[in-house]
Amino acid sequence: MKRLLTGIAMLCLAVTATATAAPLKVSALHPMMADLARQVGGDRIEVFDLTKGNNLHHFEPKPSDMATMRSSALVLASGKGLESYLDGLRASLGKVPVIEVGKTIPSLTVGKDAVYSSCPHNHGHSAGGLDPHWWLGISNMKRAARVISKELAAIDPAGKTTYQAGYKAYAKKLDDLKRWAKSELATIPSGQRKLVTSHNAFAYFAKEFGFEVIAIAGLSAEQNSTPQHLAHTITDIRDSGVRAVFPETNTSDKSLNAVAKQAGVTVAPPLIADGTKSGKAITFEAVVHHNVNTITRALTAQ
Amino acid sequence: MIRPAWISTPLAGTAAVFAVLALLAIPLHRLTSGSAAAALTTPAGDADDSTATPAVLYLRLLADADKVSITTPDGTPVWQLDPAPAGEHDIDATLTLAHHQTELTLTASFPQSANETAVFLTVEPDHLASQTQHAIGSGQITETLHFSWPE
């Protein structure tokens, strides 16, 4: 009898241990939010990146995505209007909290903030639009990591120390990353500090590192340019003496190629703004390394 | 009742008008041009447009301090570190912002034998860019740091 009771007690302990060891399920509606969650939560959470390889501006959750979100403790969205379907999603998910990670991060507005040199003549090019691409700023991602750490701790108080430690370690990595990016980009002459890109996604990056943005399309790659805007962009590129323009991994580069040909400048390798087509998990650090190296090489080439 | 003869003279009347205008001038001037300065000096909590804003405070100490405290100018405690080792510290706080401005008083006590050092305070309110101010000194440092953001 004594052995039986000991066995039952051992079994209960094992079951409890297994239950407590089960990671917290977190769904992400953006690959960079998925990466942030992984960096902060480590092994204590299991992250599902639902947008892998999809267009972030037009992602619509499938029934299987809805099932994943319903079984999650938390859903992470980027916010600032990127996920236009959030109200409906919240209503559908009921008690599962949907967190807009970028909500408290300072916003940039097209036409209002000086970093945008695109569309000075209001060619319907997202003027007045709230720029949702905050994740391309390193300082913004540091702020966001803290937001995620707090949200995870609120849902899983037992893991608070883990999440705080995860945030602090990642914040230090991001500080180092910013120092590195600054020193690399400092090699670009001031006259070349213009980012001509396929769509208007790089303003937060540009503001952080002292660039101006000239975008071919609007805040979403589907917001096409008018012929007047393309003509103005070509003139702007010629006048500025900028050497290269940048396509993006997830957008059409047809207009950009035409502009580059007319302006007589090089088309650089693509930058990463809204994720990659392959859908492979990608870290924010890898995105910054890729973009900074690509920009530096293209704008310092003789 | 007998009034002195000069009271009813035109000169006395003009003087009386000027006296009234002079009395009104000071409060009128405060009303029309003193709003920005008043926001700086008025305790933020008393201002009509003041808003309680969640913020993260970051403190960077170049040397070990015995104690560091952050208070509002009226002495309301915001953050106290006791002891306060060299390095970076952070805390969630709620600050009162009036006209997108706030003031915080930083008091740091360093060992008497220590050299001159610096304390950096970064304020990161929700929806606003982070800002850093610093204080330099040795022994006991007390400095009121002003933070403001474009409206």
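In the text below, chain A, chain B and the rest are named by the order of the sequence lines, each starting its count at 1.
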Which atom of B:Asp92 lies closest to which atom of A:Lys150, heavy atoms considered: OD1-NZ, 3.3 Å

State, to 0.1 Å, how close B:His127 and A:Lys103 come at their nearest heavy-atom pair, and which atoms those are. CE1-O, 2.9 Å

Toward chain A, the part of B:Pro54 with a non-hydrogen atom under 4.5 Å: neither

In terms of heavy-atom contacts, does NZ of A:Lys25 have more than 12 from other residues, nucleotides or ligands at under 6.0 Å? yes

Least distance between heavy atoms, B:Ile91 atom then A:Arg146 atom: C-NH2, 3.8 Å

When every non-hydrogen atom of A:Pro106 is compared with those of B:Ala129, the smallest separation belongs to CG-N, 3.5 Å

Do B:Asp90 and A:Lys168 pass the side chain to side chain contact (heavy atoms under 4.5 Å, CB included) test, and can you show the C-alpha distance, the side-chain angles, and the key distance before you say yes or no? CA-CA 10 Å; B:Asp90 58 70; A:Lys168 296 225 166 178; 3.1 Å; yes

Working to the nearest 0.5 angstrom, can you tell me the gap between A:Thr104 OG1 and B:Leu128 CG? 10.5 Å

